[in-house]
Amino acid sequence: MAEHTTSLALNAGSAGLAPAQRQALAHIWAVLPHARLVGGVVRDLLAGRSVADVDIATPEPPEHVQAALEAVGIKVVPTGLAHGTVTAVIESAPYEITTLRQDTETDGRHAVVSWTQDWQQDAARRDFTINAMSRDKEGVLFDYFGGQADLQAGHVRFVGQAAQRIEEDALRILRFFRFQGRYGHGQPDAQAVTAIEQRTDLLKKLSVERVWSELQRLLVGPQAAQQVLLMARLGVLAAVFAQGVKVEHFAALVAVGAPPEPVLRLAGLIDGGAEACARNLKLSRVEESLLKALLTPVGLQPELSDAELSCLLSDNALQVLLGQSWLAQATALQVCPARRAESAQAFTQLRQRLVTLPVPVFPVAGKDLLAAGVPPGPQMGQILARLRLWWQQNGCTPTQDACLAQVPFLH
């Protein structure tokens with residue numbers, strides 16, 4: 001039996017829906033009066049949090065939904081017709097509308113679905129009780145599995161049997177830790193912990209793109225350090241990463257206040273092996289390049305002079321050096337916890353200096369060497385590299401004339 005309440009209003013402001021979202025919902029409900037808000041939007045309205053994505057479910061089939069919306073001039077994108085989903089675009093904002101579904105076949109990665117008009121049956125296929133609630137246009141809350149009580153208690157619990165939910169889609173293992181970090185309080189659900197520990201091998205069946213997408217959100221989310229520690233204890237990290245991990249270093253990185261950047265957090269977790277990690281998770285080229293740079297030491301320390309920092313800036317992006325400063329600060333915290341405040345002050349000053357120092361530009365190019373009489377060819381490249389090294393060894397301060405005066409000594 002569903003629980004009903006009329007207390008879930010569509011509040012505007014920081015804790016609730018934005019005015020544009022409420023207006024868009026009014027347009028959708030005018031066309032689809034039986035539709036309901038579902039999943040995260042309902043959860044976050046109850047939790048008093050701002051809403052990013054608005055997901056909607058309806059008993060009408062997707063073709064009917066698309067036709068009805070287009071008939072009143074709403075743009076519709078058939079984003080996932082095979083899974084019953086269309087996206088209404090209102091004032092450039094997307095609103096996913098999905099037909100009620102039931103699973104007819106699952107393999108741990110994908111599900112074959114069929115349409116249904118049974119709201120409770122649709123809710124039963126969702127992952128956690130806090131994500132299985134719905135709210136209609138009148139403000140009535142439908143809570144079939146005790147999600148509201150779980151949300152208030154900080155209890156992240158699978159709908160039904162945890163083992164079954166995981167076997168339907170193993171990505172729910174990683175989602176559990178993300179939601180536990182964001183909404184959970186106290187000890188994690190015992191049934192969930194047992195089911196996860198016994199099924200970590202299922203993670204290897206997932207596409208690495210899905211794994212990395214979920215990991216990014218987990219690593220930068222609330223209570224990230226606690227969740228990573230729990231994942232390590234249950235064998236989840238061993239199933240995800242081919243190389244070793246440094247859980248304590250990751251915890252230190254979070255503790256020192258490192259910014260919530262996914263690649264930086266990943267660099268603080270893995271034990272070397274940037275290329276292997278990038279390959280295993282299929283990182284983008286930009287992500288792989290940043291991960292390699294973060295894990296390539298350049299000797300960055302608070303004791304360096306401005307001239308030495310300038311030289312580092314001439315060869316390394318500011319983003320990389322700032323990231324390395326956080327990684328170094330985390331290591332310092334591990335080595336000497338008693339000097340935490342002193343270390344924090346030193347690294348904070350280091351980052352302030354990095355941000356304010358001008359990035360020096362090497363004043364010599366190939367055309368300048370040609371004008372100085374150096375013939376084109378491999379030797380020119382060698383001379384240019386030696387000249388740049390000399391310029392850096394002299395604090396990146398010599399002028400173009402001073403650099404060119406060194407050319408005769410570099411042949």
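Throughout, residue positions are numbered sequentially from 1 according to the sequence presented.
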With rounding to the nearest 0.5 Å, note down the distance linking [atom1] in [X] to [atom2] in [Y].
X      : Y      : atom1 : atom2 : value
Ile74  : Ile28  : CD1   : CD1   : 6.0 Å
Ile173 : Leu234 : CD1   : CG    : 9.5 Å
Arg101 : Arg126 : CZ    : CZ    : 7.0 Å
Gln191 : Thr194 : CD    : OG1   : 8.0 Å
Lys282 : Ser207 : NZ    : OG    : 8.0 Å
Leu174 : Met231 : CG    : CE    : 5.5 Å

Less than 4.5 Å apart, any side-chain heavy atom of [X] and any of [Y]?
X      : Y      : answer
Thr98  : Asp122 : no
Leu37  : Leu45  : yes
Leu237 : Phe250 : no
Gln329 : Arg351 : yes
Val228 : Leu219 : yes
Val159 : Tyr144 : no
Glu287 : Gln216 : yes
Val355 : Gln352 : no

Donor + acceptor pair across side chains of Asn316, Gln324 (<3.5 Å): no
Gln102 and Thr116: side chain donor to acceptor below 3.5 Å: no
Under 3.5 Å, side chain of [X] to main-chain N/O of [Y], donor-acceptor pair present?
X      : Y      : result
Gln148 : Leu141 : no
Ser289 : Arg285 : no
Arg353 : Leu304 : yes
Arg265 : Ala258 : yes
Ser343 : Arg339 : no
Arg157 : Phe145 : yes

Whether Phe128 and Phe176 hold their rings parallel, tilted or perpendicular, with breakpoints at 30° and 60°: tilted
Does [atom1] belonging to [X] count more than 12 external heavy atoms closer than 6.0 Å?
X      : atom1 : answer
Asp53  : CG    : no
Gln121 : CD    : yes
Glu209 : CD    : yes
Gln161 : CD    : no
Gln400 : CD    : yes

Heavy-atom closest contact ([X] atom, [Y] atom, distance):
X      : Y      : value
Trp326 : Val256 : CZ3-O, 3.3 Å
Ala365 : Asp368 : N-OD2, 2.8 Å
Tyr95  : Gln21  : OH-CA, 3.4 Å
Thr399 : Pro363 : C-CG, 4.0 Å
Val86  : Pro78  : CG1-CA, 4.4 Å
Asn280 : Ala242 : ND2-CB, 3.0 Å

Residues Leu300, Leu350; criterion side-chain contact (heavy atoms from CB on, under 4.5 Å); working and verdict: CA-CA 9 Å; Leu300 181 68; Leu350 171 64; 4.0 Å; yes
Derivation of the side-chain contact (heavy atoms from CB on, under 4.5 Å) call for Leu327 and Leu253: CA-CA 6 Å; Leu327 295 170; Leu253 183 66; 4.1 Å; yes
Full working for side-chain contact (heavy atoms from CB on, under 4.5 Å) between Arg165 and Asp127: CA-CA 6 Å; Arg165 296 280 83 81; Asp127 49 12; 5.6 Å; no
Within 45° cone of Phe142 ring axis and under 6.0 Å: Arg36 NZ or CZ: yes
Result of checking Lys205, Arg125, Arg175, Arg210 against Asp169 for salt bridge (Lys or Arg N to Asp or Glu O under 4.0 Å): Arg210
Ion pair check, Lys292 and Glu288, cut-off under 4.0 Å: yes
From CA spacing to verdict: side-chain contact (heavy atoms from CB on, under 4.5 Å), Trp29, Ile56: CA-CA 10 Å; Trp29 269 321; Ile56 301 161; 5.6 Å; no
